[in-house]
Amino acid sequence: MQKPLLLALGAILGIAAPNAAAQTPLKVGDQLPDFVLPRVVNGMAPTFTPDDAKSKVLVLEFWSTTCSPCIPALEKLSALQQRHPKELQVVGISTDSEARLQKFLAKRPLPVPLASAPDADEINKLFPHRMVSHTVVVDKNRRVVAITSPEQLTEAALLDVAAGRPVRLKLKQDVLNGDPMSYFSVDSTTSYGVNVRPYIQGLQGMMRPERKGPFAQRRLTAINVSANVLFQLAYETTSRRILNQLPDSLRQYDDLNLVCFDLIVPPGQEANLRPIMREALRQYLPVKAEWVPTTKPAYVLRRRKAAPALPTSTKPKKYSFGGGEFGMEGSPMETLRDYLENELGKPVVDETGLTGRYDVTLTTQNEDIKASVSTALARLGLEVMEAPRSISMLRLSPAPAGQPILGKAVAR
């Protein structure tokens with residue numbers, strides 16, 4: 001079953017932050033120096049300094065309004081502060097503009113200070129990172145006790161830090177320089193290759209199909225992704241169409257279950273990259289994948305009454321997404337449908353009857369995603385409605401036998 005390319009790896013795996021050139025980076029155990037966040041958009045004062053934490057545990061949460069997982073993570077930390085107002089001070093730090101943060105707060109008010117901090121600001125040099133969310137925990141004595149991810153800061157861990165007890169939160173240490181995809185180094189004359197390796201410390205999940213050079217349209221590389229994501233790529237579907245029946249030991253998003261995958265197909269086999277990837281996954285991972293019909297809640301994409309049809313396009317097929325923007329040119333409605341699935345959180349069934357190729361541009365906001373999607377679609381003469389539908393779901397279940405063969409490479 002052929003599907004358009006997966007559109008939502010950015011939502012699933014996190015958002016890349018600008019590559020900060022660290023001048024004076026701090027590490028766990030260092031003392032936090034004085035600094036000023038000069039653009040706080042919702043605090044009691046327009047600035048924030050470490051002294052404003054008033055001897056509380058200070059959490060510096062680097063995030064972005066365009067990072068879907070960042071928003072619930074920040075809200076969870078905010079709730080943690082509300083439960084322990086005498087012990088915890090959370091500050092959200094984003095490279096978003098002040099105007100963008102104000103727009104976010106209008107829809108999703110938060111009691112924690114939110115600061116706009118462009119990449120050149122001092123705070124981003126103290127704690128350089130490639131990916132958000134990025135969480136820094138500072139104890140009451142202004143000692144950095146953790147550089148981690150927000151899910152690591154549990155209530156129990158917070159209380160330990162507040163009481164002065166030692167904590168060991170998983171270190172998040174981004175690789176800041178170089179091309180992460182160069183991890184799979186191959187000769188430019190390679191005709192065919194499959195390489196599956198374990199998790200790489202310091203890199204967040206990412207994926208890149210090769211579009212230029214000797215491997216154009218022949219190569220796909222994924223770094224630190226789950227089996228779930230690999231099968232989405234291989235079957236060209238979205239996370240909303242995955243029926244994951246794997247055991248918890250394979251479903252948990254942790255280092256032990258994340259792998260790196262690189263595939264090069266022979267010249268002339270570009271159109272078969274995805275089927276070849278499916279076969280490679282069957283050999284290397286203990287997972288059985290099959291399409292099954294399932295009736296479940298969905299969104300139905302349809303034309304609004306009396307709306308004119310979208311004009312067709314003759315442009316070359318391409319699309320892009322990120323930062324609340326989606327654009328496609330010369331692309332079928334399936335491409336728009338897949339984008340909407342990942343934004344709305346449910347399968348989307350295309351009942352527009354539009355069978356050509358189209359140019360579409362959408363602007364959405366994560367803080368009010370359904371309303372902003374509806375508004376953007378209305379401008380195109382389209383709408384979505386909720387209704388049950390029979391959906392082809394990709395069921396993932398344990399294979400009858402076999403184990404992952406990590407670190408094995410085949411090339412020729």
Side-chain angles (χ1 to χ4, degrees), residues 17 19-40 43-45 47-64 70 73-95 110-177 201-202 204 255:
N19 196 352
Q23 295 182 357
T24 55
L26 298 182
K27 60 184 181 299
V28 173
D30 287 345
Q31 288 295 122
L32 184 69
D34 290 331
F35 65 85
V36 177
L37 295 174
R39 291 171 292 274
V40 176
M44 297 295 291
T47 63
F48 183 89
T49 72
D51 287 341
D52 294 327
K54 303 184 187 302
S55 299
K56 301 175 186 178
V57 175
L58 174 61
V59 173
L60 304 174
E61 179 68 1
F62 296 85
W63 72 296
S64 170
C70 291
L74 182 61
E75 290 175 333
K76 183 177 178 180
L77 291 175
S78 176
L80 197 57
Q81 175 181 300
Q82 289 183 298
R83 290 199 297 274
H84 302 280
K86 296 182 180 180
E87 302 289 349
L88 177 63
Q89 176 64 65
V90 176
V91 181
I93 302 170
S94 174
T95 56
L110 284 172
V112 301
L114 300 184
S116 173
D119 191 52
D121 276 18
E122 179 184 12
I123 192 66
N124 288 311
K125 296 175 182 178
L126 292 173
F127 300 104
H129 54 281
R130 181 187 287 268
M131 306 290 288
V132 291
S133 297
H134 189 75
T135 306
V136 177
V137 184
V138 181
D139 70 13
K140 296 178 179 180
N141 297 315
R142 288 180 60 166
R143 183 174 66 92
V144 178
V145 296
I147 299 174
T148 187
S149 300
E151 66 272 10
Q152 295 291 316
L153 188 57
T154 63
E155 194 157 14
L158 164 65
L159 294 176
D160 282 341
V161 176
R165 294 187 289 268
V167 294
R168 291 186 178 180
L169 303 184
K170 180 181 174 183
L171 178 67
K172 178 178 179 288
Q173 188 173 10
D174 295 354
V175 175
L176 299 175
N177 300 311
Q201 179 67 39
Q204 294 286 347
D255 298 356

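Bear in mind that the values here come from a model prediction, so they are computed numbers and not experimental data. Just the heavy atoms: all of them, side chains too, but no hydrogens, waters or symmetry mates, feed the values below.
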| said: Can you tell me how far apart CZ (Phe35) and OG1 (Thr47) are? Round to the nearest 0.5 Å. | reply: 11.0 Å
| said: Could you measure the distance from the NZ atom of Lys27 to the CG atom of Leu171? Nearest 0.5 Å is fine. | reply: 12.0 Å
Is there a side-chain contact between [X] and [Y] (heavy atoms, below 4.5 Å)?
X	Y	result
Ser133	Ser149	no
Phe127	Leu32	yes
Leu80	Glu87	no
Leu88	Lys56	no
Val137	Val57	yes
Pro33	Leu26	yes
Val112	Leu77	no
Gln89	Pro113	yes

| request: Walk me through it: do Asp160 and Arg168 pass the test salt bridge (Lys or Arg N to Asp or Glu O under 4.0 Å)? | output: CA-CA 10 Å; Asp160 282 341; Arg168 291 186 178 180; over 6 Å; no
Taking [X] for its side chain and [Y] for its backbone only, find out whether a donor-acceptor pair lies under 3.5 Å.
X	Y	value
Asp30	Val144	no
Gln152	Leu169	no
Lys170	Thr148	no
Lys76	Glu151	no
Arg142	Gln31	no
Asn141	Arg143	no

Check [X] against [Y] and note the closest heavy-atom contact, atom names and distance.
X	Y	value
Ala117	Arg39	CA-NH2, 4.1 Å
Asp121	Pro38	OD2-CD, 4.3 Å
Trp63	Cys70	CB-CB, 3.9 Å
Gly92	Leu74	CA-CD1, 4.4 Å

| Sole candidate of Ile123, Leu126, Leu58, Leu60 that passes side chain to side chain contact (heavy atoms under 4.5 Å, CB included) when paired with Val136 | Leu60
| request: Would you check, one step at a time, whether the test side chain to side chain contact (heavy atoms under 4.5 Å, CB included) holds for Asp174 with Lys172? | output: CA-CA 6 Å; Asp174 295 354; Lys172 178 178 179 288; 2.9 Å; yes
| query | Can you name the residues that form a ring pair (Phe, Tyr, Trp, His ring centres under 6.0 Å) with Phe62, not counting sequence neighbours? | reply |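 Result, ring pair (Phe, Tyr, Trp, His ring centres under 6.0 Å) vs Phe62: His129, His134.
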| query | Can you list every pair that meets ring-ring contact (aromatic ring centres under 6.0 Å, His included) and has a residue in residues 73-93, with sequence neighbours left out? | reply |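 For residues 73-93, and leaving out neighbouring residues, there are no ring-ring contact (aromatic ring centres under 6.0 Å, His included) pairs at all.
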| Taking only residues two or more places apart in sequence, or in another chain, which ones meet Glu155 in a salt bridge (charged side-chain N to carboxylate O under 4.0 Å, His left out)? | Arg83
| query | CD of Glu75: more than 12 outside heavy atoms within 6.0 angstrom? | reply | yes
